[in-house]
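Along the sequence shown, residues carry numbers from 1.
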Amino acid sequence: MLSSLLPPLAQTEMTDVRALNARFQSWLHHSALPLWSSKGPDHEYGGFFETIGLNGEPCLDNKRVRVTARQIYCFAMAAQMNWAGDVTPLMTHGWAFLNGIGARGDGPIKHILTRDGAIVNAGPDLYDQAFVLLAHAECLRISGDEQHIDKARYLLGWIRSHLAHSEAGFYDHPDNSHIL
């Protein structure tokens with residue numbers, strides 16, 4: 001076992017780790033989450049912006065739809081970490097996009113859209129769907145809303161019927177060209 005090969009942390013190392021954790025928590029709660037909650041949502045076209053530039057403003061690039069699922073997951077996690085911000089409208093905003101323009105209509109989310117919603121790549125992509133499943137899991141945990149179970153089960157069923165390899169694992173895309 002690797003842990004038995006490593007000496008225990010010295011008290012000064014424990015202090016440093018705790019200090020590093022405190023610094024990270026402060027940055028997350030007072031810088032990153034406030035920035036993403038204020039600048040991340042695209043209130044004109046829905047979802048969340050792909051990136052925020054060094055000037056603190058959103059970049060108006062194409063959107064990978066999974067970014068919105070990832071942001072829902074992150075804000076749900078922020079609620080569990082007792083972040084002071086109100087995550088409910090952020091998650092509601094994200095789900096409206098994923099269930100609307102971001103949805104393919106057959107179960108999974110689309111892959112890439114222009115900012116105004118035109119399809120660049122309809123996908124689906126297994127990696128994208130994984131973030132939707134994570135978002136459902138964390139939203140269920142904080143809200144108790146069982147619709148997340150039903151929607152996650154539906155998506156899992158779609159993944160199993162469209163992306164499962166006959167022997168083991170899954171394909172990345174329905175064209176069955178990339179095995180994961």
Side-chain angles (χ1 to χ4, degrees), residues 21 23-53 56 58-113 115 117 120-160 162-163 169-173 180:
N21 182 52
R23 182 176 174 189
F24 172 74
Q25 292 291 328
S26 179
W27 169 81
L28 182 64
H29 286 252
H30 303 292
S31 297
L33 288 168
L35 176 65
W36 273 102
S37 66
S38 65
K39 299 292 185 168
D42 183 345
H43 294 291
E44 185 174 1
Y45 294 108
F48 288 85
F49 289 104
E50 178 80 14
T51 55
I52 295 176
C59 299
L60 307 180
D61 302 330
N62 290 340
K63 295 178 184 175
R64 291 175 297 160
V65 179
R66 75 169 161 248
V67 169
T68 293
R70 190 168 58 203
Q71 288 303 100
I72 294 169
Y73 168 79
C74 288
F75 287 119
M77 289 298 299
Q80 290 185 59
M81 296 171 67
N82 298 316
W83 178 53
D86 186 4
V87 300
T88 302
L90 295 162
M91 292 186 309
T92 300
H93 174 81
W95 284 119
F97 179 76
L98 291 183
N99 293 325
I101 199 165
R104 285 177 33 109
D106 59 344
I109 60 169
K110 297 171 185 165
H111 185 49
I112 302 172
L113 302 174
R115 180 174 175 233
V120 174
N121 182 330
D125 179 279
L126 181 61
Y127 190 67
D128 297 345
Q129 310 321 309
F131 280 105
V132 176
L133 293 173
L134 283 170
H136 279 304
E138 291 309 316
C139 286
L140 172 66
R141 188 185 321 259
I142 66 169
S143 72
D145 185 346
E146 294 195 6
Q147 75 168 328
H148 292 290
I149 294 172
D150 296 335
K151 290 181 178 187
R153 283 184 177 149
Y154 183 84
L155 181 55
L156 278 171
W158 187 93
I159 290 168
R160 288 179 177 136
H162 291 85
L163 299 177
F170 294 89
Y171 292 102
D172 191 26
H173 302 281
L180 297 177

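- In this structure, the separation between CZ on R23 and OG on S26 is 9.5 Å, given to the nearest 0.5 Å.
- Considering only heavy atoms from C-beta on, T51 comes within 4.5 Å of D61 through its side chain.
- Taking the ring axis of F97 as reference, the NZ or CZ atom of K63 stays within 45° of it and closer than 6.0 Å to the ring centre.
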Next item on the list: Go through the steps for Q129 and L155 under the test side chain to side chain contact (heavy atoms under 4.5 Å, CB included), then give the verdict.
Entry: CA-CA 8 Å; Q129 310 321 309; L155 181 55; 3.8 Å; yes
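- For the atom pair CD1 (I72) and CG (L134), the distance works out to 11.5 Å, reported to the nearest 0.5 Å.
- Residue pairs meeting the salt bridge (charged side-chain N to carboxylate O under 4.0 Å, His left out) criterion with at least one member in residues 92-109, sequence neighbours excluded: R104-D106.
- Put simply, the side chain of R115 reaches to within 4.5 Å of the side chain of F49, judged on heavy atoms.
- From I52, atom CD1 reaches atom CG of L35 across 4.0 Å, with rounding to the nearest 0.5 Å.
- Taking 4.5 Å as the limit, every side-chain heavy atom of I109 sits out of range of all side-chain heavy atoms of T68.
- Rounded to the nearest 0.5 angstrom, S143 OG and E138 CD are separated by 10.5 Å.
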Item checked: Test side chain to side chain donor-acceptor pair (under 3.5 Å) applied to H111 and D125, step by step -> CA-CA 6 Å; H111 185 49; D125 179 279; 4.7 Å; no
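- Looking at heavy atoms from C-beta onward, Q80 lies in side-chain contact with I142 at the 4.5 angstrom threshold.
- Between the side chain of E50 and the main chain of C59, no donor-acceptor pair closer than 3.5 Å is present.
- The side-chain contact (heavy atoms from CB on, under 4.5 Å) test applied to Q25 returns N21, H29, M81, not counting sequence neighbours.
- In this pair, H148 and W95 present their aromatic rings tilted. The plane angle is within the 30 to 60° band.
- Applying the salt bridge (charged side-chain N to carboxylate O under 4.0 Å, His left out) definition to pairs two or more places apart or across chains, none involves residues 145-155.
- Counting all heavy atoms, side chain and backbone alike, A79 lies closest to V87 at CB-CG2, 3.7 Å.
- In this structure the side chain of L33 reaches within 4.5 angstrom of the side chain of F75, judged on heavy atoms.
- Every side-chain contact (heavy atoms from CB on, under 4.5 Å) that H93 has, sequence neighbours left out, goes to P41, H43, F48.
- Remark: R70 qualifies as a cation-pi partner of F131 under the 6.0 Å distance and 45° angle criteria applied to the six-membered ring.
- Under the side-chain contact (heavy atoms from CB on, under 4.5 Å) criterion, S38 pairs with no residue at all, not counting sequence neighbours.
- Residues L163 and W158 form a side-chain contact, since some pair of their non-hydrogen atoms from C-beta on lies under 4.5 Å apart.
- Partners of R160 under the side-chain contact (heavy atoms from CB on, under 4.5 Å) rule, at least two apart in sequence or in another chain, are L156, F170.
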